[in-house]
Amino acid sequence: MLPVLDGVVMELQDCALPLLREIIPTDKIEVGFKDIDAAILVGSMPRKEGMEKKDLLKANVAIFKTQGAALDKYAKKTVQVVVVGNPANTNCLIALKFAPSIPKENFSCLTRLDHNRACSQVAMHCGVSSDKVKNVIIWGNHYSTQYPDVHHAIVNTHGCELGAYKAVKNDAWLHGDFILTVQQRGAAVIKARKLSSAMSAANAVCDHIKDIWFGTKEGEFISMGVYAAGNSYGIPEDLIYSFPVQIKNKRWKVVDGMSTNDFSRAKMNATAAELMEERDAALDFLT
């Protein structure tokens with residue numbers, strides 16, 4: 001893969017990016033992870049059409065065990081780690097477990113892509129641009145059981161801020177096709193182009209990292225997969241679970257006290273159950 005990596009280096013150089021200072025292509029862990037401030041872990045086996053989840057788990061557990069240990073040994077203890085490679089939540093948990101000297105709070109997984117997808121769907125339905133939609137929540141797993149929740153979302157339409165349900169004016173769509181579209185969007189992209197999401201995922205990584213470094217806007221929250229310890233929603237603690245979070249000084253905080261009805265609670269619990277199943281299967285593979 002090193003010749004392929006050289007091609008990536010050439011493309012980065014040819015972008016003439018003003019912030020780019022140096023590129024170090026390497027296949028050596030001790031070089032790649034040495035004293036890093038941020039790790040964006042995209043190097044999983046990609047999900048392919050028709051692939052069983054257990055096959056994806058088995059292939060990726062070894063990768064993220066190795067990367068977690070490398071972070072623990074070579075990276076700064078303040079490193080911010082973002083796991084993108086699927087299954088992102090469980091891969092993140094495995095990396096975290098093998099980097100005990102790095103705070104658990106420094107690990108997160110990408111559910112911003114799902115968050116952006118949900119914002120876009122609501123925006124298109126309301127005839128506004130996606131930046132007019134805020135405070136969508138992605139609960140749980142970056143997988144098909146995830147729950148895109150707009151009960152607390154706000155849409156700015158014609159200069160007036162409305163709750164998403166009032167702005168959309170179609171509860172059946174919000175409870176049905178909207179949720180299914182967001183949940184199954186990754187699979188739909190794979191079916192269409194025979195490869196996983198690329199540009200949209202990269203854009204979501206940029207959004208995620210930018211919010212870690214510079215914080216979320218006042219009065220707004222975003223979705224991020226984080227360690228579930230101490231959450232107020234009754235989600236089992238030894239999981240990486242997507243919550244609504246606010247970020248300040250590179251520290252995230254789960255937004256507590258969001259009301260959840262029976263519909264939401266059932267979906268939140270279902271995705272937690274899937275994550276527990278994934279976690280237990282991954283730990284079995286390790287042993």
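All residue numbers refer to positions in the sequence shown, counting from 1. Worth knowing before you read on, the calculation uses all heavy atoms, side chains too, and leaves out hydrogens, waters and symmetry mates.
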*Asks:* Side-chain contact test, heavy atoms from C-beta onward, threshold under 4.5 Å: evaluate it for Arg251 versus Asn106 and give yes or no.
*Replies:*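 Yes; the side chains approach each other to less than 4.5 Å.
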*Asks:* Do Val168 and Phe178 come close enough that some side-chain heavy atom pair is under 4.5 Å?
*Replies:*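 The answer is no; the side chains never approach within 4.5 Å.
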*Asks:* Hydrophobic cluster mates of Ile24, side-chain heavy atoms under 4.5 angstrom, ILVMFWY only, any path?
*Replies:* Val31
*Asks:* Is the closest side-chain heavy-atom distance between Val83 and Leu110 below 4.5 Å?
*Replies:* no
*Asks:* Within the side chain of Trp252, is there an N or O that forms a donor-acceptor pair under 3.5 Å with the backbone of Ile212?
*Replies:* no
*Asks:* Are the side chain of His152 and the backbone of Ser259 linked by a donor-acceptor contact shorter than 3.5 Å?
*Replies:*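 Yes; at least one donor-acceptor contact below 3.5 Å.
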*Asks:* Under 4.5 Å between any side-chain heavy atoms of Leu286 and Ile94, yes or no?
*Replies:*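 The answer is yes, as the side chains (C-beta and beyond) meet within the 4.5 Å cut-off.
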*Asks:* Under a 4.0 Å N-O cut-off, is there an ion pair linking Lys267 with Asp149?
*Replies:* no
*Asks:* Are Thr90 and Leu57 side-chain neighbours, meaning at least one heavy-atom pair lies under 4.5 Å?
*Replies:* yes
*Asks:* Tell me, do Tyr233 and Trp139 make a side-chain contact under 4.5 Å, heavy atoms counted?
*Replies:*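 Heavy-atom side-chain distance check passes, below 4.5 Å.
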*Asks:* Please give me the minimum heavy-atom distance between Val136 and Val150, naming the atom from each residue.
*Replies:*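 The pair with the smallest heavy-atom distance is CG2-CG1, 4.1 Å.
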*Asks:* Going by heavy atoms in the side chains, are Leu71 and Phe33 under 4.5 Å from each other?
*Replies:* yes
*Asks:* Measure the CG-CG distance between Leu239 and Asn89 for me, rounded to the nearest 0.5 Å.
*Replies:*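 With rounding to 0.5 Å, CG (Leu239) is 8.5 Å from CG (Asn89).
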*Asks:* May I ask you to decide whether Asp262 forms a salt bridge with Arg265, counting only side-chain N to carboxylate O separations under 4.0 Å?
*Replies:*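 Here Asp262 does not pair with Arg265 in a salt bridge, since their nearest N and O are not under 4.0 Å apart.
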*Asks:* Hey, can you tell me if Phe263 and Tyr147 have their rings parallel, tilted or perpendicular (30° and 60° cut-offs)?
*Replies:*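 Rings of Phe263 and Tyr147: perpendicular, over 60°.
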*Asks:* Begin from the C-alpha positions of Asp238 and Tyr227 and carry the test side-chain hydrogen bond (donor to acceptor under 3.5 Å, both in side chains) through to its verdict.
*Replies:* CA-CA 7 Å; Asp238 193 29; Tyr227 197 62; 2.9 Å; yes
*Asks:* Taking the side chain as every heavy atom from C-beta outward, state whether Ile235 and Phe243 have any pair of such atoms under 4.5 Å apart.
*Replies:*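 Side chain of Ile235 against side chain of Phe243, heavy atoms only: contact under 4.5 Å found.
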*Asks:* Please report the interatomic distance SG(Cys206) to CD1(Ile40), rounded to the nearest 0.5 Å.
*Replies:* 7.5 Å
*Asks:* Starting from Val8 and following side-chain heavy-atom contacts under 4.5 Å between hydrophobic residues (I, L, V, M, F, W, Y), which residues can be reached?
*Replies:*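 Members alongside Val8: Val9, Leu12, Leu17, Leu20, Ile23.
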